[in-house]
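Each chain gets a letter, A, B and so on, in the order the sequences are listed, and its residues count up from 1.
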Amino acid sequence: MPSADLHDWNLAPREAIALQTRLAGYVERADRLEPVRRIAGVDIGFEQGGEITRAAVVVLAWPPQASGESEPATLEPATLEIVEQVVHREPTRMPYVPGLLSFREVPAALAAFERLTMTPQLVMVDGQGIAHPRRIGVASHLGLWLDLPTIGVAKSRLCGRHTEPGPERGDWTPLVDGPDDEVIGAVLRSRVKVKPIFVSPGHRVSLATAIDWVTRCLGRTKLPEPTRLADRLASRRGERR
DNA sequence: GCGACAG
DNA sequence: ATCTTGTCGC
């Protein structure tokens, strides 16, 4: 893989696209992960009309801690315990351009990761993985730079075609793209009667494994816990005092 | 030329 | 993404 110092984050669209095309060749779509004990969720938010970028990383312990029998039975899914969380703020450097999201968000995410005291074995990113025009969305790009397994979890579609997934939680249909109908992700029904989410391999994770982990991390909401908690932190919610 | 378009 | 109140539903 190219050394990080060769990566310029302030590129003109034309150069950014050329770099993505080159980096896409390094994205691994086969499973290559260590036993999972910690799963991280990453998301980026903005302040002051977009002047400031906020990167949030939340690390959760796996497997879930068994719900104490003396605790108020909180229904089904066991709670994923937060073992560490970090928020990094910095001036926003690039505008949002569909297809070039990673150049706007990855720098801040990397800075946040540098402040973590523990390393996760798996990372869930808010955005697409290989379900991208050049097969290198923000999740893949971040995974490449962190050299960690990543999964893209997006709330909407960037590219590709698909049919409507079944109504039950866990139902999914393939997201395909290109003239050869290449499978680039899955449209997953994470909650009954709720718009599905788009799951795709980021780096070092197969589609089957990506779907499996996202499903295993589903709590009571539409988004899997790692992404949901990072979302809350990045966008200021959940900060009660 | 006319849409589509992660966050 | 963000600006924002109340409101429908489990």
Margin query: Rounded to whole Å, how long is the line connecting atom CZ of A:Arg104 with atom P of B:dC5?
Written below: 19 Å
Notebook entry, point to check: When you check the phosphate oxygens OP1 and OP2 of C:dA1, does a side-chain N or O of A:Ser235 lie under 4.0 Å from one of them?
Noted result: no
Next item on the list: Kindly point out which of B:dA6, B:dC5, C:dA1 is positioned nearest to the side chain of A:Leu101?
Entry: B:dA6
Check: Under 4.0 Å between a Lys/Arg side-chain N and an Asp/Glu carboxylate O for A:Glu164 and A:Arg189?
Finding: yes
Item checked: Residue A:Arg157, side-chain heavy atoms: nucleotide from C:dT2, B:dA6, B:dC5 that is nearest -> B:dC5
Next item on the list: Determine the contact category for A:Ile197: base if any of its heavy atoms lies under 4.0 Å from a base atom, sugar-phosphate if only primed atoms, P, OP1 or OP2 are that close, otherwise nothing.
Entry: nothing
Notebook entry, point to check: Any idea which heavy atoms bring A:Met118 and A:Pro120 closest together, and the distance?
Noted result: O-CD, 3.8 Å
Note to self: For a quick check of understanding: with a heavy-atom distance under 4.0 Å over all strands, which category does A:Glu105 fall into, base, sugar-phosphate or nothing?
What the structure shows: sugar-phosphate
Margin query: Please classify the nucleic acid contact of A:Tyr96 as base, sugar-phosphate, or nothing, using heavy-atom distances under 4.0 Å.
Written below: base
Check: B:dG7 P sits how many Å from A:Phe46 CZ, rounded?
Finding: 11 Å
Note to self: By the definition side chain to side chain contact (heavy atoms under 4.5 Å, CB included), identify the one residue from A:Val138, A:Ile151, A:Val153 that meets it with A:Val125.
What the structure shows: A:Val138
Check: Counting any heavy atom closer than 4.0 Å, what does A:Gly152 reach on the DNA or RNA strands: base, sugar-phosphate only, or nothing?
Finding: nothing
Margin query: Any side-chain N or O of A:Lys155 below 4.0 angstrom from OP1/OP2 of B:dG7?
Written below: yes
Next item on the list: Using a heavy-atom cut-off of under 4.0 Å over every strand shown, decide if A:Gly45 touches base, sugar-phosphate, or nothing.
Entry: sugar-phosphate
Note to self: Whether A:Lys193 contacts C:dC10 is assessed here as follows: a side-chain N or O lying under 4.0 Å from the phosphate OP1 or OP2. Is that the case?
What the structure shows: no
Next item on the list: For the pair A:Asp43 and A:Arg232, find out whether any cationic side-chain nitrogen is under 4.0 Å from an anionic carboxylate oxygen.
Entry: no
Item checked: Length of the CD1-P vector between A:Ile44 and C:dT2, whole Å -> 11 Å
Next item on the list: Could you tell me the separation between the CZ atom of A:Arg236 and the C1' atom of B:dG7, rounded to a whole number of Å?
Entry: 18 Å
Next item on the list: Round to the nearest Å and state the distance from A:Ile136 atom CD1 to B:dG7 atom C1'.
Entry: 17 Å
Notebook entry, point to check: Whole-Å distance between C:dC3 P and A:Glu47 CD?
Noted result: 10 Å
Check: Tell me: CG of A:Leu158 to P of B:dG7, nearest whole Å?
Finding: 9 Å
Check: Is a side-chain N or O of A:Arg161 found less than 3.5 angstrom from the main chain of A:Gly178, in a donor-acceptor match?
Finding: yes
Next item on the list: Take the protein atom CZ of A:Arg220 and the nucleotide atom P of C:dG9, then report the distance between them rounded to whole Å.
Entry: 19 Å
